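For reference, the structure discussed in these notes is given below.
When a residue number appears, it is its place in the shown sequence, counting from 1. Model, not experiment: these values are computed from the prediction. Side-chain atoms are counted along with the backbone in the values below, which use heavy atoms only and exclude waters and symmetry mates.
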Amino acid sequence: MKATAEVTTQTFTAGQVILFAEVAGVISVLYAVFLILRIMRLPEGTEKMISISGAIREGAMAYLNRQSKVIAVFAVLIFGLLFTKIGAAQGLGFLAGALLSAAAGYIGMMVAVRANVRTAEAARHGLENALDVAFKGGSVTGLMVVGLSLMGVTATYALTNDPMTTVGFGFGASLISLFARVGGGIFTKAADVGADLVGKLEAGIPEDDPRNPAVIADNVGDNVGDCAGMGADLFETYAVTLIAAMILASTSASIKAAYGVNAVLFPLALGGAAIFATIIGTFFIRLGLDKSITMALYKGQIATGVISAAAFYYINDAMMGGNFNLFLCAIIGLLVTLLVTISTEYYTSTKFHPVKAVSKACETGAATNIIIGVAMGLESTTPVILIIVASIASTYALAGVFGIAVAAVAMLSTTGMVIAMDSYGPITDNAGGIAEMSGLPKEVRAITDELDAVGNTTKAVTKGYAIGSAALAALVLFQAYSDEIAHVAQKHVAFELTDVSLIIGLFIGAALPYFFSAHCMEAVGRAAFAVVTEVRYQFQEIKGIMSGEATPDYAECVDIVTQAALKEMIVPALAAVLSPIFVGYVFGPVALAGLLAGVIVSGLLMALFMCNGGATWDNAKKHIEMGHHGGKGSDAHKAAVVGDTVGDPFKDTAGPALNALIKVINTIALLIAPSIATIKLLS
């Protein structure tokens, strides 16, 4: 690394960097508000379209309000403990992180459930109009997430000038993410599985058919799971990555000696620059002559990455003495995003071999479909792991652990664009449902189906991005935990495989993702059973549903999955919060280090397998519905529906929630590190 003298002529003062980051966050939020105003001025369509959209909106907001009340109880208890036991700064930071994360998800979903009907209406005037509305709706969530997250982390640090005080903010964001991911995932997949099993397989009616009593709950679930859930997930990943990099810069003697406070502020400057790049990138989302939706979206992502890279070069030159190795680390972080996107699309897109192989397997039944789907999910973990390993090895060789942190921050810097592409998914999915239920012409449904098919891939890509970034973020958090233990103990602490405490922690950590995933899957199964029972009951008891003469009781299915989600999310949340506390205070800091290592490796592989495998099953079904292997209604299609229902809780409940599990455990470990280091190493 370069010597201190080489970086004393920095272009920016600490106050200027903090102001820049805050202004970038504010502009991100203001641009999101501008998009909201534009979306709300657009026409909503027919009275029936407005009525259906209103039912989806009412169900989504009712669930989110009830979820917020449950979370509030836990938040108040944790705030009290942090405030009294650890310190006011951590307690207040926790409260700020929780409130801003909840606000980002709440606003994003509030817009998504209003953009859905406007997208359906825009589809009546062509593909380009519909794409524009859907993407702008998704952009609101992305811009709110990065804007509020950067503002919160920056303000928390500015008030204390101590990166460790920002850990409370990260924990607050992590808690919201955990509840949003688990609760939203249970809600959406219980409704989806219940609707598919009875509607498609038993009654033989199409997806989003208004005769299905679970259809509104299914559309509500798209928003609470894929919009609010993913928003909260990446809000905390973004915040925690910034925090971990700042802590690492402040605790590493070599980094402090070389760069001083510049290293601590460097992640904030990168985040601020990338927000401006993201806003500019949204203007590149345009259909080309080939009318490819995928390429239109990727143009925005590529533009964001290229503009970010140029800005990173200037910031690195101004703040870090032009250390080219650090700039290369940032570029590697951006490349990881691209490579993970390519890998995920290969395994989940209908264009490539894995999905085609799974859809082909459906010709011989559900069993072979599931066997090949599991195989593809397992196989999909290898490329991503190799990408992550290569990025860790190269950035460590260039700039040590701080290089890994810079790569993680750079990777997360494009979060706004990634979330915009993800939130686009549930908007187009809902738009298709509204078009189907309101009886719009087939040409309109063809446009919404085309948008939705791309949305399935972008949602899968976002999950891969979230998992990959979580791995790098967790590694940086682990190093920050190690440095904090050594700092408090005032001696080097070795984590050796010959230490029984470390082995105990490793096994517990490796087992946690399995316990966590099992509970999430069971929760979906139990709730889906209740939905199936209710849908069957309504088909039998409410005469005239199948003929269209009677309206199903949609509210009952919404209520069933709401109650199930709120009840079932408690145990996974408690497991995530209590496990590091138990291991840390009972077995000590070395065992807790083992727990962190175990949960990172095991959770990463499990999350990749579940998310990619589930998306492969989903798109294999869609591949058949395009007319391959017999098309809709064939035996192969029925087998594909079974695979899709198995994959639903994989990709939208347990898999994505593992990200939150990994980061909650790492954040809590960092919070309690000073306490357990004192108890176990200095006593």
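- Between the side chain of S394 and the main chain of S391, a donor-acceptor pair closer than 3.5 Å is present.
- In this structure, L412 and T237 have side chains that are in contact, with non-hydrogen atoms separated by less than 4.5 Å.
- Each of L596, L477, I665, V240 was checked for a side chain to side chain contact (heavy atoms under 4.5 Å, CB included) with L670, and the lone residue meeting it is L477.
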Full working for side-chain contact (heavy atoms from CB on, under 4.5 Å) between L334 and T337: CA-CA 5 Å; L334 292 173; T337 299; 5.6 Å; no
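- Residues passing the ring-ring contact (aromatic ring centres under 6.0 Å, His included) test with F516, sequence neighbours excluded: none.
- The ring pair (Phe, Tyr, Trp, His ring centres under 6.0 Å) analysis of residues 155-177, with sequence neighbours excluded, yields the pairs F94-F171.
- Put simply, CG on L512 and CG on L661 are 6.0 Å apart, with the number rounded to the nearest 0.5 Å.
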If you look only at distance, which donor and acceptor atoms sit under 3.5 Å apart when one is on a side chain in residues 72-80 and the other is two or more places apart or in another chain?
none

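- Not counting sequence neighbours, D422 has no partner by the salt bridge (Lys or Arg N to Asp or Glu O under 4.0 Å) test.
- K256 and A249 get closest at one heavy-atom pair: CG-O, 3.3 Å.
- Applying the side chain to side chain contact (heavy atoms under 4.5 Å, CB included) criterion to A180, with sequence neighbours excluded, gives A232.
- Here E522 pairs with R526 under the salt bridge (Lys or Arg N to Asp or Glu O under 4.0 Å) rule; sequence neighbours left out.
- In this structure the side chain of I504 never reaches within 4.5 angstrom of the side chain of V583, judged on heavy atoms.
- The closest side-chain heavy-atom distance from L497 to L502 is below 4.5 Å.
- In this structure, the side chain of T653 engages the main chain of G185 through a donor-acceptor pair within 3.5 Å.
- To the nearest 0.5 Å, atoms CG (N659) and CD (E236) are separated by 8.0 Å.
- The closest donor-acceptor contact from the side chain of Y481 to the backbone of P589 lies under 3.5 Å.
- Shown here is Y313, whose OH atom has no more than 12 heavy atoms of other residues, nucleotides or ligands within 6.0 Å.
- With T381 contributing its side chain and L378 its backbone, the two residues share a donor-acceptor pair below 3.5 Å.
- Atom OG1 in T395 sits 7.5 Å away from atom CG in L472 (nearest 0.5 Å).
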Walk me through whether T241 and V476 qualify under side-chain contact (heavy atoms from CB on, under 4.5 Å). CA-CA 8 Å; T241 304; V476 178; over 6 Å; no
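- The closest donor-acceptor contact from the side chain of S413 to the backbone of A410 lies under 3.5 Å.
- Remark: A564 engages A527 in a side chain to side chain contact (heavy atoms under 4.5 Å, CB included) (not counting sequence neighbours).
- Side-chain atoms of S174 come within 3.5 Å of backbone atoms of G170 as a donor-acceptor pair (strictly under, hydrogens ignored).
- Listed here is the closest heavy atom pair of G603 and L658: O-CD1, 4.0 Å.
- The closest side-chain heavy-atom distance from L475 to I600 is not below 4.5 Å.
- In terms of heavy-atom proximity, A245 sits nearest to V409 at CB-CG2, 3.7 Å.
- A 4.5 Å side-chain heavy-atom check between N262 and M320 finds at least one atom pair inside the cut-off.
- Counting only distance, with no hydrogens or angles, the side chain of S177 and the backbone of A173 share no donor-acceptor pair below 3.5 Å.
- Listed by first then second residue, pairs satisfying side chain to side chain donor-acceptor pair (under 3.5 Å) with a partner in residues 461-479 read T415-Y465, K463-D652, Q479-D483, not counting sequence neighbours.
- Residues I388 and L604 form a side-chain contact, since some pair of their non-hydrogen atoms from C-beta on lies under 4.5 Å apart.
- A 4.5 Å side-chain heavy-atom check between I247 and E484 finds every atom pair outside the cut-off.
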Stepwise side-chain contact (heavy atoms from CB on, under 4.5 Å) check, L671 with L82: CA-CA 9 Å; L671 271 173; L82 290 175; 4.1 Å; yes
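- Looking only at distances, no side-chain donor or acceptor of T154 sits under 3.5 Å from a matching main-chain atom of M151.
- A distance of 6.5 Å separates NE2 of H519 from CD1 of I186, quoted to the nearest 0.5 Å.
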Apply side-chain contact (heavy atoms from CB on, under 4.5 Å) to L608 and I385, showing your working. CA-CA 9 Å; L608 287 169; I385 291 298; 4.1 Å; yes
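- G271 and L150 make their closest contact through C-CD2, 3.9 Å (heavy atoms, listed as atom of the first residue, atom of the second, distance).
- Closest heavy-atom contact between Q67 and G184: NE2-N, 4.1 Å.
- Under the 30°/60° scheme for interplanar angles, the aromatic rings of F402 and F266 are found to be tilted.
- Between atom CD1 of residue I331 and atom CG of residue L326 there is a gap of 12.0 Å, rounded to the nearest 0.5 Å.
- Residue pairs meeting the ring pair (Phe, Tyr, Trp, His ring centres under 6.0 Å) criterion with at least one partner in residues 649-677, sequence neighbours excluded, are F609-F650, W617-F650.
- With rounding to the nearest 0.5 Å, the separation of CD1 in I581 from CD1 in I672 is 6.0 Å.
- Judged as a side chain to side chain contact (heavy atoms under 4.5 Å, CB included), and not counting sequence neighbours, the contacts of S380 are Y347, N612.
- A donor-acceptor pair under 3.5 Å is formed between the side chain of S579 and the backbone N or O of A575.
- In this structure, T382 has no side-chain hydrogen bond (donor to acceptor under 3.5 Å, both in side chains) partners at least two apart in sequence or on a different chain.
- Taking all atoms of both residues into account, the shortest heavy-atom contact from V145 to G231 is CG2-O, 3.6 Å.
- Applying the side chain to side chain contact (heavy atoms under 4.5 Å, CB included) criterion to Y514, with sequence neighbours excluded, gives S602, M606.
- Side-chain contact check for T616 versus I372: every heavy-atom pair is 4.5 Å or farther apart.
- A donor-acceptor pair under 3.5 Å is absent between the side-chain atoms of N316 and the main chain of F312, judged by distance alone.
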